[in-house]
There are 2 protein chains.
Amino acid sequence: MSDETPTKAEFEILKILWDTSVPMRVREVLEILNQDAETPRAYTTIMTLMNIMADKGLLQREPDGKAFRYRPSRPRERTLKNMLADTLGRVFDGSATALVAQLLDNAKPSPDELKQIRKLIEDYSKSDRKR
Amino acid sequence: MSDETPTKAEFEILKILWDTSVPMRVREVLEILNQDAETPRAYTTIMTLMNIMADKGLLQREPDGKAFRYRPSRPRERTLKNMLADTLGRVFDGSATALVAQLLDNAKPSPDELKQIRKLIEDYSKSDRKR
DNA sequence: GATCAATTACGAAATGAATCGTACGAATTA
DNA sequence: TAATTCGTACGATTCATTTCGTAATTGATC
């Protein structure tokens with residue numbers, strides 16, 4: 001129950017907080033969010049959103065002067081994991097193979113990326129037996 | 001513009017149509033959808049949904065007696081491709097490597113699946129130069 | 001043609017997400 | 001103390017999605 005998956009807008013906020021890796025105030029998040037936005041959001045929009053996220057357990061608040069600072073409740077990896085699991089289950093019926101097939105056909109990874117990906121799979125294969 | 005990505009409910013309907021691979025009427029889709037559903041939907045719910053999908057261009061209609069039969073406008077692969085591209089871009093900032101890393105950490109593919117995945121990558125590597 | 005059952009058309013309500021304005025409170029300053 | 005500034009709380013509005021009821025239509029049957 002404590003593993004809510006964020007909505008689109010919520011996820012944007014989480015990305016900012018993960019990137020800076022330091023608890024931030026609403027205003028700071030707002031400014032980063034707006035600095036390269038075509039249509040800037042209002043302060044209260046983000047305030048409300050971050051409130052909801054705190055209620056849901058996606059963010060934690062800590063008092064700082066008259067304001068709060070917010071931090072993500074869960075590390076980035078854990079959340080990405082959930083979101084990917086969602087796609088994997090919903091879209092690819094749980095088949096990692098099907099997903100990779102689409103991915104290759106799709107993302108056209110560069111030779112360099114391919115190399116990295118191969119390495120990942122090698123490493124995983126080796127560490128597999130201790131599962 | 002003709003590459004709409006389906007919503008959750010729309011996708012469920014597409015899956016049914018892809019699986020049977022034959023154009024179906026609303027009632028048939030409804031029955032499959034409801035047969036293992038905890039809360040069954042009303043006929044009109046699916047009717048409306050499929051109408052919207054036809055408007056959007058996700059489905060095509062062909063008359064059959066007094067009713068219509070519906071078929072997906074696009075093949076499954078094409079749609080999955082779009083949906084995966086969305087996840088890749090939004091969640092993993094376009095990094096196929098990052099996605100695969102999560103996937104391995106996540107789906108715990110079996111040795112057999114791994115083998116298939118490796119093969120996919122091999123094949124892709126070979127065909128890559130003609131890009 | 002009249003009637004019946006199945007289907008579609010239309011429109012409206014319920015829900016969830018995203019947006020923002022106004023009210024109000026606390027610290028800061030004039 | 002009054003005015004300013006920064007913050008949160010709360011509620012309203014908009015928008016997309018999902019849901020479904022009622023009315024109109026159509027084809028089949030008598």
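First the proteins, then the strands, lettered A, B, ... as listed; each starts at 1. Scope of the values below: all heavy atoms of this structure, side chains included, with no hydrogens, waters or symmetry mates.
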Using a cut-off of less than 4.0 Å, is there contact between a side-chain N or O of [X] and OP1 or OP2 of [N]?
X: B/Arg25; N: C/dT7; result: yes
X: B/Arg61; N: C/dA9; result: yes
X: A/Arg27; N: D/dC6; result: no
X: A/Asn51; N: D/dA9; result: yes
X: A/Thr7; N: C/dA17; result: no
X: A/Tyr43; N: D/dT8; result: yes

Test: A/Lys119 and A/Asp123 ion pair at under 4.0 Å: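 Judged by the 4.0 Å cut-off on N to carboxylate O distance, A/Lys119 and A/Asp123 do form a salt bridge.
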Note: B/Arg78-A/Asp105 ion pair, threshold 4.0 Å (strictly below): no
Closest-nucleotide ordering on DNA chain C, the 5'-leading residue of B/Thr48 and B/Lys66: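 So the residue in question is B/Lys66.
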Separation of atom CD in A/Glu62 from atom P in D/dT8, rounded to whole Å: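 Answer to the nearest Å: 13 Å.
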Proximity to the side chain of A/Lys8 - top-ranked nucleotide from D/dT19, C/dA18, C/dT8: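 Closest nucleotide to the A/Lys8 side chain: C/dA18.
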Nucleotide of D/dT8, D/dT17, C/dC20 approaching A/Tyr70 most closely (side-chain heavy atoms): D/dT8
Residue pair A/Thr5 / A/Glu10, side-chain heavy-atom distance below 4.5 Å: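 No, their side chains stay 4.5 Å or more apart.
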Sugar-phosphate, base or nothing in reach of B/Thr44, heavy atoms under 4.0 Å: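 Base: the residue B/Thr44, judged by heavy atoms under 4.0 Å, touches a nucleobase.
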Sugar-phosphate, base or nothing in reach of A/Phe68, heavy atoms under 4.0 Å: sugar-phosphate
Euclidean distance, A/Gln102 CD relative to B/Thr79 OG1, rounded to 0.5 Å: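 Going from OG1 on B/Thr79 over to CD on A/Gln102, the span is 9.5 Å.
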